[in-house]
J.: 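Below are the structure tokens for one structure; questions will follow.
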Amino acid sequence: MPNAGGRMTVPLLDLKPQYRALKAELDAAMLQVAATQMFILGPEVRALEAEIAAYCGAKHGIGLSSGTDALLIALMAYGIGPGDEVVTSSYTFFATGGTIARVGARPVFLDIDPVDFNLDARLLAEFLGGCERRAEGLFNRATGGRIRALMPVHLYGQSADMDAIMVVAREYGLPVIEDAAQAIGTEWKGRRVAGIGEIGCLSFFPTKNLGAFGDAGMCVTNDDVLASKLRILRVHGGEPKYYHHVIGGNFRIDEIQAAVLRVKFRHLEDWHAARQRNAAHYDRAFAAARTAARVATPTARPGCRHIYNQYVIRVPDRDRLRTYLGEQGVGTEIYYPVPLHMQQCFAYLGYRPGDCPEAARAAGETLALPIYPELEERQLQYVVDTIAGFYGKQ
Ligand SMILES: *Cc1c(COP(=O)(O)O)cnc(C)c1O
């Protein structure tokens, strides 16, 4: 009998248990910043930058105001702008495509691999192969634009195929800006993502595996010159202060956020492990409930360490299932209901409904289930039982 234990509440995410567990430490860290009254680019920021960079296998960390600003400033550091194009995945959070357009460049949205929801590396190689190589660079034959960078996304906490992506990047001389906003600690064949390409962009938005008490983000890089450009762009492009060779912005992370993140960072590996345990529990429970014909559970690529920022299933009749789960007390979300190539604001790019068919299919089938570390087994079981019950009744 599904739901034999009665109705339960399982929120998609509840940050309160994490705060309760670390309250003393977190409160002390915030009060310490208050006591010093040093709010901007102080010792907490510098320490966090060093810790996160080392964790990602990168030499430099540049603390920023958000993950979105990390993507934006990475594009700015390469001087990408009008006439340029950046290749990315159509199935991602809006910021990935939005930042490319905001610097004046043209996003090129490619389809995803249906297995891991990440940029299909075969399509990427095909697209780049169809471009025209000239002395000045690589040009899109259809638009005349110059391809300037690749921006793969590690969606849900699972790595894109970084071997294949780095091979074509090297072949065509293009930098790789990793959107690792959902993927701090994700590994591709033993290497942490964000530290694999030229610049890795992290987000500390509260729903990410390492979340601040508000907005925050970071760029990591192994390149000394890029690191210094990013640091200068973060403070309006002033170097020295009040002398501007470039136009930057205010992209700084707050000292108080850095202090909070440093406390939380010490627990990040434990939280990853708890999310992985929850994912394994879901996998086993769905297998036991024999829902395989209806519910496709996430598949981790061999050699990839998935950190499960989201546990996303694919199901038929997704919207009705979502409503039903809501009625039964289970919080879910759709990441994302509209692929970027179909967003109204990108209509000027000229994509058509048949383009990126896998991204379009995913948008109609994906559903993120509660996966946060503090969930109890009985809650996970309730989610699976409720889903099995929904399809059993049909
Ligand atoms: C969260 C997220 C971002 C943006 O990060 P913010 O910190 O919210 O600005 C960018 N890309 C992806 C894939 C994300 O999930």
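As the structure lists them, so they are numbered: ligands from 1, and atoms in each ligand from 1. Residue indices begin at 1 and follow the sequence shown.
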J.: Got an N/O contact under 3.5 Å between G67 and ligand 1?
T.: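 G67 vs ligand 1: N/O contact under 3.5 Å present.
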J.: Hey, looking at atom 8 (O) of ligand 1, which of Y336, Y335, F205 has the closest heavy atom?
T.: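 Comparing heavy atoms across Y336, Y335, F205, the nearest one to atom 8 (O) of ligand 1 lies in F205.
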J.: Please report whether the ring centroid of Y55 lies less than 6.0 Å from that of F265.
T.: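 Aromatic pair counts; centres sit under 6.0 Å.
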J.: Taking the side chain as every heavy atom from C-beta outward, state whether T291 and Y391 have any atom pair closer than 4.5 Å.
T.: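 Result no, sub-4.5 Å side-chain heavy-atom pair not found.
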J.: Of all residues at least two apart in sequence or in a different chain, which pass the side-chain contact (heavy atoms from CB on, under 4.5 Å) check with K241?
T.: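 Testing K241 for side-chain contact (heavy atoms from CB on, under 4.5 Å), a comparison that skips the adjacent residues, returns none.
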J.: Centroid separation under 6.0 Å, is that true for the rings of F205 and F93?
T.: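 No, the ring centres sit 6.0 Å or more apart.
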J.: Does anything in residues 116-139 form a ring pair (Phe, Tyr, Trp, His ring centres under 6.0 Å)? List the pairs, not counting sequence neighbours.
T.: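 For residues 116-139, and leaving out neighbouring residues, the ring pair (Phe, Tyr, Trp, His ring centres under 6.0 Å) pairs sorted by first residue read F117-Y156.
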J.: Identify, for atom 11 (N) of ligand 1, the protein heavy atom at the shortest distance, and state residue, atom and that distance.
T.: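 Nearest neighbour among protein heavy atoms for atom 11 (N) of ligand 1, to 0.1 Å: D179 OD2, 2.8 Å.
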J.: What's the shortest distance from atom 1 (C) of ligand 1 to any protein heavy atom, and which residue and atom give it?
T.: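 Here the nearest protein heavy atom works out to K208 NZ, 1.5 Å.
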J.: For atom 7 (O) of ligand 1, what's the nearest protein heavy atom and its distance?
T.: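 Looking only at protein heavy atoms, the one closest to atom 7 (O) of ligand 1 is S203 OG, 2.6 Å.
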J.: Starting from atom 9 (O) of ligand 1, which protein heavy atom do you reach first, and at what distance in Å?
T.: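 In this structure, atom 9 (O) of ligand 1 has T68 OG1, 2.5 Å as its nearest protein heavy atom.
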J.: Quick one: OH on Y382 to OG1 on T9, what's the gap to the nearest 0.5 Å?
T.: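 Between Y382 OH and T9 OG1, I get 7.5 Å after rounding to 0.5 Å.
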J.: Show me which atoms of ligand 1 lie under 4.0 Å from any heavy atom of T92.
T.: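 With T92 as reference, the close atoms of ligand 1 come out as 13 (C).
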J.: Looking only at protein heavy atoms, identify the closest one to atom 15 (O) of ligand 1 and say how far it is in Å.
T.: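 Minimum-distance protein heavy atom for atom 15 (O) of ligand 1 reads Q182 NE2, 2.7 Å.
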